[in-house]
Structures are given as C-alpha cells and as structure tokens.
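Worksheet for the structure shown next.
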Amino acid sequence: MVEDKEIEAKKSPFALREGEIKTFDGKDGYVSMNQIVQKINLGHINDLHFAIIELINEFEFMTSRQICQMLDHKGIEYKSQDKLNNKLDQLIRSKILTRYYFTSEDGKGIYRIYCLEKMGKYLLTSRGTDCKWQQSDNTKPVAMIKKRLAGNQVIIAYLNKVKAFDEYTVKPSLTAKTLGKTFRASGGGVKLTKNSKSINFVFEVIRRESDWQKKLVDKMKMYKDFYENFVPMDSGYTTIPQLIIVCEDELHTKEVFKEIVTAGVEISKIKLYFTTDLRQIEENLGKTLLEFKLDEASKKYKVEDVELKLLD
C-alpha cells in the first residue's frame, strides 16, 4: 500500500472533474443466498471478508486503500493490498459488494469505490449488525460520494497521525433547533483527548458541484443555528465542537469563505477553520488548518496557517 508520504499529487483524487460520471464495474446476473451460504460453509468467505463488509457498511463508500488503512487500524491481517483486492473481487462476484469508477473528460479515474449490495445487507442483518443500506444508496451522485471519500480520508489521517485521537464518528448528527432540522456533518467527526480533556472536531466537506454555493449557504445556516443556540449535551456534545470546512484545494478555501461572508452565515461562537484534501497527507497535521482573519488596517481578510499542538 502506498504511504501518504509517497504520494505526489497536485490535485486531490476526491476533487470533482469536468463532466465526471460514475461507471458500474460490478457483476451483473443473479447469485442465490444458497450459493453464498455454501461459500461460507467451505471457508471461501471468512472473517476477513466479513470485516471488509462491516467497514463498508460503516463508511458507505470506500476505496481499497481506505479499507486497507482501516484494517491496519483495527489490527486485522490481510497480508497485502493485492490479496485484499482478491477478497474484494470474491465479494463482488458473490454480489455481496459492488464497485464503481469515475470517468470524465480527463479519462478514467485511478481508483475504484466499493459499496454494499443486497446480499451484503442480508448477511450483516443475519449476524445482528445494524445495516441501514438500501439499493437507492448506490444511485447517489458523484459529488455526494466524493464528499464521503474525502471525509474518510480526514478521519483516517487523524486516527493515524494524531496522538490525542480518541474515537471517530462517520456520520455525526446535529440539530438546528430554530429551523427544526436534524442534519449530518458530511465529513464525519473525531474526538481528541489529552490529559483527560476532550474536544470534538466535525468536518463539513465541500465539492465544486454545479450548485455548490447554494448548498454551502443552506448548510451553513443550519450550522449557524446549531452553534449559536448550543448548550451542553446538544446532539450529545458536552462542549461545543470545532467545525472544520474541508475544501478541494487552497483556492477553493477562499471561494468558500467568500460565499460564507457574502451570505452573512458566519458563526459568532466559534473560529471557523478550513483545510484541504491534500493537507491530510502531510506527515504532521499540526499545521494543516487555515483561518481567515480580518486585517483592521486594510479591512481585508488574510489567510493564515493555524498551528495546533494538539494535532502533532
């Protein structure tokens, strides 16, 4: 598996590309449950296969590299990424999982994404695992899937690189009281603990989809409602969580901040931090956050790196 420090990317693989579409790369046809049960009885589908299925159930969409990283984190042996890919192929042939790739004017994407199939849900449910997957989940648009993949990358970066890492939540749920709406942070969340003190980060991933400005403003209105009416134990948080906006690249952080200020949806109760996809592959996350500060003399905003020792 390629390590983060070996990656030399100029553009995030999870950024949207012009004219990008999702292309099916799974298996057509019918597989019976009897055939799958037989494979389980013969040991052709084993505990490693189930660990993979459970991870994809938890994260919804994953790349094979992300699956490897999470198996490493959980201490589950899979020998090599090639052998893991063989396991994934077995699950696809049994229609327990399915697979897609992205194509655009630039050509075919360099990675595949994996998600559940109907048989996968049946197997998880039979083992008492909560599975909310439904077939329509696999019809989600490219932007929504890439938000999930970018959020996965952030969570994995924090659990691998931050000593204070405590736990993660893939889909944290928040409530905008005044608007009367419950919503989810699209990039997930992490809890960091040091010297018995904890802080939660929630990540909102923004992609340059066709109507991203409107979607951003609508989402920020809900965040503003949540934060400016926050009291301890709202949405299960004992203290106010830190919001971090995850953008496609450095220019995108400026575009997003401009939209937030123009629409008047800044949040007074917190400092708003930004980061990008490629900043997550830094060996140390201590300087991967950005903040826009108003310069009193020029009355213009300046972007500054934020150094957080907690993220070392």
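- The backbone N or O of N138 sits less than 3.5 Å from a side-chain atom of K22, completing a donor-acceptor pair.
- Both the sub-6.0 Å distance and the 45° axial angle are not jointly satisfied by R112 relative to the ring of Y100.
- The structure places CD1 of I145 at 4.0 Å from CZ of F61, a figure rounded to the nearest 0.5 Å.
- The residues K300 and D295 are annotated as not salt-bridged, no charged nitrogen and carboxylate oxygen being separated by less than 4.0 angstrom.
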Check your understanding: side-chain contact (heavy atoms from CB on, under 4.5 Å) between R207 and D277: does it pass, once the steps are laid out?
Key -> CA-CA 11 Å; R207 302 293 91 168; D277 293 352; 2.6 Å; yes

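- Checking side-chain atoms of T169 against main-chain N and O of K171 turns up no donor-acceptor pair under 3.5 Å.
- Taking the charged nitrogens against the carboxylate oxygens, K161 and E283 have no contact shorter than 4.0 Å, which rules out a salt bridge.
- Looking at I36 and M119, their side chains come closer than 4.5 Å, going by heavy atoms from C-beta outward.
- With F274 as the fixed residue, the ring pair (Phe, Tyr, Trp, His ring centres under 6.0 Å) test singles out one of Y301, F292, F203: F292.
- A donor-acceptor contact shorter than 3.5 Å links the side chain of Q66 to the backbone of L149.
- Although no hydrogens or angles enter the test, the distance criterion places a donor-acceptor pair under 3.5 Å between the side chain of E228 and the main chain of S268.
- For the atom pair L174 CG and S235 OG, the distance stands at 5.0 Å (nearest 0.5 Å).
- Atom NZ of K214 has 12 or fewer heavy atoms from other residues, nucleotides or ligands within 6.0 Å.
- Applying the side-chain hydrogen bond (donor to acceptor under 3.5 Å, both in side chains) definition to pairs two or more places apart or across chains, those involving residues 255-266 are R208-E255.
- The residues E307 and K309 are annotated as salt-bridged, a charged nitrogen and a carboxylate oxygen being separated by less than 4.0 angstrom.
- At distances below 3.5 Å, at least one donor-acceptor pair connects side-chain atoms of N57 with backbone N or O atoms of D130.
- Looking at K95 and D28, no side-chain N of the basic residue comes within less than 4.0 Å of a carboxylate O on the acidic one, giving no salt bridge.
- K39 and S94 are linked by a side-chain donor-acceptor pair at a separation below 3.5 angstrom, with hydrogens and angles left out of the test.
- No more than 12 heavy-atom neighbours from other residues, nucleotides or ligands sit within 6.0 angstrom of NZ on K118.
- Counted by atom type alone, Y168 and E58 present one or more donor-acceptor pairs between their side chains at under 3.5 Å.
- Note that OG1 of T276 is 12.5 Å distant from CZ of F14, once rounded to the nearest 0.5 Å.
- Side-chain contact of Q81 with S64: a donor-acceptor pair under 3.5 Å is present, judged by distance alone.
- At least one donor-acceptor pair closer than 3.5 Å links the side chain of E77 to the backbone N or O of K79.
- For the atom pair CD1 (I53) and CD (E117), the distance works out to 12.0 Å, reported to the nearest 0.5 Å.
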Check your understanding: side-chain contact (heavy atoms from CB on, under 4.5 Å) between L124 and E54: does it pass, once the steps are laid out?
Key -> CA-CA 7 Å; L124 290 174; E54 288 171 357; 3.6 Å; yes

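- Judged purely by distance below 3.5 Å, without hydrogens or angles, the side chains of Y273 and Q242 never pair a donor atom with an acceptor atom.
- Checking side-chain atoms of R99 against main-chain N and O of L97 turns up no donor-acceptor pair under 3.5 Å.
- Taking the centre and axis of the six-membered ring of Y227, the NZ or CZ atom of K269 falls outside the cone set by 45° and 6.0 Å.
- Heavy atoms of other residues, nucleotides or ligands lying less than 6.0 angstrom from CD of E18 number 12 at most.
- Proximity of a side-chain donor or acceptor of D249 to a complementary backbone N or O of L251 within less than 3.5 Å is detected.
- If you chain together hydrophobic residues whose side chains sit under 4.5 Å apart, V256 and L243 fall into the same group.
- With hydrogens and angles ignored, the 3.5 Å screen pairs a side-chain donor or acceptor of D234 with a backbone N or O of V231.
- F50 CZ to L91 CG: the interatomic distance, rounded to the nearest 0.5 Å, is 9.0 Å.
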Exercise for review: Show your working on side-chain hydrogen bond (donor to acceptor under 3.5 Å, both in side chains) between N229 and D225 and close with a plain yes or no.
Suggested key: CA-CA 6 Å; N229 294 290; D225 190 341; 2.8 Å; yes

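- For Y114, there are no ring pair (Phe, Tyr, Trp, His ring centres under 6.0 Å) partners, not counting sequence neighbours.
- Contact annotation: the side chain of Y101 never approaches that of F24 to less than 4.5 Å [non-hydrogen atoms, C-beta and beyond].
- Just one residue in the list K147, R184, K140 forms a salt bridge (charged side-chain N to carboxylate O under 4.0 Å, His left out) with E60, and that residue is K140.
- Residue M144 places its CE atom among 12 or fewer non-hydrogen atoms of other residues, nucleotides or ligands, all under 6.0 Å distant.
- Atoms CG and CD, from N152 and Q69 in turn, are 10.0 Å apart once rounded to the nearest 0.5 Å.
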Practice item. Carefully, step by step, assess D89 and K87 under the rule salt bridge (charged side-chain N to carboxylate O under 4.0 Å, His left out). Key: CA-CA 5 Å; D89 284 339; K87 301 290 185 188; over 6 Å; no

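- One N or O on the side chain of R148 and one on the backbone of S186 form a donor-acceptor pair closer than 3.5 Å.
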Exercise for review: Please test T103 against T23 for side-chain hydrogen bond (donor to acceptor under 3.5 Å, both in side chains), starting from the C-alpha separation and ending with a verdict.
Suggested key: CA-CA 7 Å; T103 53; T23 304; 3.3 Å; yes

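- A salt bridge links R279 with E250; the closest basic N to acidic carboxylate O contact falls under 4.0 Å.
- Enclosure of atom OH in Y122 is not indicated, since only 12 or fewer non-hydrogen atoms of other residues, nucleotides or ligands lie within 6.0 angstrom.
- Between the side chains of H44 and Q90, no donor-acceptor pair of N or O atoms lies under 3.5 Å.
- Considering only heavy atoms from C-beta on, L48 comes within 4.5 Å of L71 through its side chain.
- Of the candidates T275, T288, N160, Q280 forms a side chain to side chain donor-acceptor pair (under 3.5 Å) with just one, namely T275.
- With hydrogens and angles left out, the side-chain atoms of N46 and H49 include a donor and acceptor closer than 3.5 Å.
- Taking the centre and axis of the six-membered ring of F102, the NZ or CZ atom of K146 falls inside the cone set by 45° and 6.0 Å.
- A 6.0 Å sphere centred on CG of D47 holds no more than 12 heavy atoms belonging to other residues, nucleotides or ligands.
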